[in-house]
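As a basis for the values below, the full set of heavy atoms in this structure was taken, side chains included, without hydrogen atoms, waters or symmetry mates.
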2 protein chains.
Amino acid sequence: MAGLQRYMAVLRLFGEAQGTWTVLDMAEALGVPQSTVYRTVRDLLTAGLLETSADALYRLGPAFIEFDRLTRLTDPLMRAGAGVLEQAVAQAQLPCVGLLSRLYGDEVMCIADRASTDAHFRPSYERGRPMPLAQGATSKVILARLPARRLAKMLGAAHAPLKSELALIRRQGFCVGRGEIDRGLAGLAAPIVCEEAGLVASLSLVVEADRLDAFTQSRLVLMLVSAAAMIENALGENAPPACGLLLPEGEAVSGAD
Amino acid sequence: MAGLQRYMAVLRLFGEAQGTWTVLDMAEALGVPQSTVYRTVRDLLTAGLLETSADALYRLGPAFIEFDRLTRLTDPLMRAGAGVLEQAVAQAQLPCVGLLSRLYGDEVMCIADRASTDAHFRPSYERGRPMPLAQGATSKVILARLPARRLAKMLGAAHAPLKSELALIRRQGFCVGRGEIDRGLAGLAAPIVCEEAGLVASLSLVVEADRLDAFTQSRLVLMLVSAAAMIENALGENAPPACGLLLPEGEAVSGAD
DNA sequence: TTTTAAATTCTCATTTTTTGGGAAAATTGA
DNA sequence: TCAATTTTCCCAAAAAATGAGAATTTAAAA
């Protein structure tokens, strides 16, 4: 192993399952001699990507927090969508968590989440957590807008059974799922697509399933679809959105009923 | 340049001043041939540390968001301090922003911030933004608890004039500053030190300066000092704090008046 | 579509790093 | 203080990065 891979292989060890590692354990896990790992770790330390913990343990370093902030300031989806996300949560008028998510390799990752003050639950989707492609409204609504070729490559065998469902979602322009990810919760999602930025993402709302009657559902879907359209516009203009009101006149709300 | 440095040099170009770069500009800025930069960028792309933007531009990638989340889950200061931070902001009973900050190389970085719902201002300190060492209560309270040797090395010539001020802060056990960072705002900070974790940090509160009368100041300082002590305890036990109440009986609040 | 320019990858001999095994040094704990 | 652990250092062989330009791909314009 060489170059960046060597460093990433070490960093990827530090996950939810195990947040701190000794050099010995890293060497064993990677099948690489200790002296090599020591050198690699030393480089990562000076870069701030790792830092020393107690007892010869190491953990992820503060450089990630610094770069994460720059990401927040830089990412066009975040810039275009943060304000709309906040408004969407406010206008939902019920306990909910709003999410802004996007493709990340072969998974979907939430890049911004916002809970209403009265939301006493937390969905599995949260900022920075990669999630499976084929489950939940948040992900499916993204899949449904992906070029067929790319989709086939990503899903492989799992593609066939989803095909007709995704076609429907694409035609509808939104997706609602109940308990697909978290039992007792429901997700509502609308796609955000920006050709020129090569970006396929989604705006979604997670609510308690038993609060989601037919009327509420159609109200929220309408709002989401129009909010997503606002983000798309803002992305096109490459500037933060005006977004005074969330349901402006004459939006093209394709199939949102 | 070789190894990690080569990659970090590229990543460090992406800052607040310029969030997107072409390969040509990177090559020029680094004084390295294009073909080399292309290779480096390609590696960073596959790692998710960079991603392509429109028009042959590149920007920081989503891997940072992913690792940032792991940091949130892993970092002992964050784990021990997040709950207390939230409570401190709630108990302040006035518009404020609470901060949890720590040393990061030769700077101080906020690693968690929390604004009260009625706070309509934002301090310069924010999660992930490195700040100067020698300005503001948040930083000074950290400096004051640093070993003299380390301090001298970090500050160099700037050390002498600060010396007596830092000695006072150390004796007091807290620090209050007005308008040192942001005009019209005031910062109150208490140190968090954990020898065994080799950690020097601070818990601070930013409020509007004109709301900070003598009585409010001493109330907030008392609360902060005691909250910081709770975090220290939690760090020692290496577990999330119990923290039912914020001003428990019999805390050793050295010099907090 | 064809043309043109720009962006990106590729090639390859040379130079520079990395590698890994073990010794040495530094640090830590008892 | 001593012993165990952690970390750095050393060095020759092996592997990888470098850079200049050519070749290819992609995107935009005519």
Side-chain angles (χ1 to χ4, degrees), chain A residues 1-14 18-59 61 76 147 149-150 153 194-199 236 238, chain B residues 1-14 18-61 147 149-150 153 194-199 236 238:
Chain A
M1 196 162 358
L4 233 205
Q5 278 184 44
R6 178 164 44 102
Y7 295 103
M8 292 307 291
V10 169
L11 292 176
R12 286 293 176 193
L13 291 175
F14 294 76
Q18 189 172 345
T20 57
W21 288 75
T22 65
V23 169
L24 196 76
D25 290 342
M26 289 187 240
E28 191 163 326
L30 298 172
V32 165
Q34 282 189 57
S35 57
T36 301
V37 175
Y38 267 113
R39 253 186 313 238
T40 307
V41 166
R42 186 173 357 131
D43 291 348
L44 290 167
L45 288 174
T46 61
L49 299 173
L50 284 184
E51 67 180 349
T52 54
S53 190
D55 300 322
L57 289 166
Y58 296 88
R59 62 163 172 268
R149 214 171 304 152
R150 200 164 159 199
K153 192 180 288 177
C194 183
E195 298 282 336
E196 63 234 47
L199 178 155
N238 203 11
Chain B
M1 200 163 352
L4 233 207
Q5 280 184 41
R6 180 163 44 102
Y7 296 102
M8 291 308 290
V10 170
L11 292 177
R12 285 295 177 191
L13 292 174
F14 294 77
Q18 189 172 347
T20 57
W21 287 75
T22 64
V23 169
L24 197 75
D25 290 342
M26 289 188 242
E28 192 163 325
L30 298 172
V32 165
Q34 281 190 57
S35 57
T36 301
V37 175
Y38 267 113
R39 253 186 312 238
T40 307
V41 166
R42 183 165 11 128
D43 291 348
L44 290 167
L45 288 173
T46 61
L49 299 174
L50 284 184
E51 68 179 350
T52 54
S53 188
D55 299 324
L57 289 166
Y58 296 88
R59 62 165 172 267
L60 294 176
R149 212 171 306 152
R150 200 164 160 199
K153 193 181 286 177
C194 183
E195 298 282 336
E196 63 234 47
L199 177 154
N238 206 10

**Report entry** Distance-minimising heavy-atom pair for B/F14 and B/G19
**Finding:** CD2-O, 3.3 Å
Query - Test item: B/R59 and B/L50 side chains (from C-beta on) under 4.5 Å apart, heavy atoms - result: no
Scan the side chains in residues 31-43 of chain A for donor-acceptor partners under 3.5 Å anywhere in the protein, sequence neighbours excluded, and list what turns up.
unit_1	atom_1	unit_2	atom_2	d
A/T40	OG1	A/T36	O	2.9
A/D43	OD2	A/Y7	OH	2.8

Query raised in the report: Would a 4.5 Å heavy-atom cut-off, applied to side chains only, mark A/D55 and A/T20 as touching?
Result: no
Query raised in the report: Should we count CD of B/E28 as having more than 12 external heavy atoms under 6.0 Å?
Result: no
Query raised in the report: Between C/dA5 atom C1' and B/L24 atom CG, what is the distance in whole Å?
Result: 14 Å
Report summary line: Its contact letters, B for base, S for sugar-phosphate only and - for none at protein heavy atoms under 4.0 Å, make nucleotides 17-30 of chain C read SSBBBB--------
Report summary line: Taken in chain and number order and not counting sequence neighbours, the residues that satisfy side-chain contact (heavy atoms from CB on, under 4.5 Å) with A/A9 are A/M1, A/L30
Query raised in the report: Over how many whole Å does the gap from B/Q34 atom CD to C/dA5 atom C1' extend?
Result: 14 Å
Report summary line: Taken in chain and number order and not counting sequence neighbours, the residues that satisfy side-chain contact (heavy atoms from CB on, under 4.5 Å) with B/T52 are B/L45, B/Y58
Report summary line: Students should find that the nucleotides of DNA chain D closing off the region near chain A, any atom under 4.0 angstrom from a heavy atom, are D/dT6 to D/dA17
Requested in this report: Would you indicate whether the side-chain heavy atoms of B/L44 and B/E51 approach each other to under 4.5 Å?
Outcome: no
Report summary line: Computed from five pairs at either end and rounded to 10 degrees, the angle between the axes of the helix from C/dT1-D/dA30 to C/dA30-D/dT1 is 60°
Query raised in the report: Counting only side-chain N and O atoms of B/Y38, is one of them less than 4.0 Å from OP1 or OP2 of C/dT8?
Result: yes
Report task. Take B/L60 and B/L49, measure what side-chain contact (heavy atoms from CB on, under 4.5 Å) needs, and give me the verdict at the end. Result -> CA-CA 6 Å; B/L60 294 176; B/L49 299 174; over 6 Å; no
Report task. Just do the side-chain contact (heavy atoms from CB on, under 4.5 Å) check on A/M26 and A/V10 with the steps written out, would you? Result -> CA-CA 7 Å; A/M26 289 187 240; A/V10 169; 3.8 Å; yes
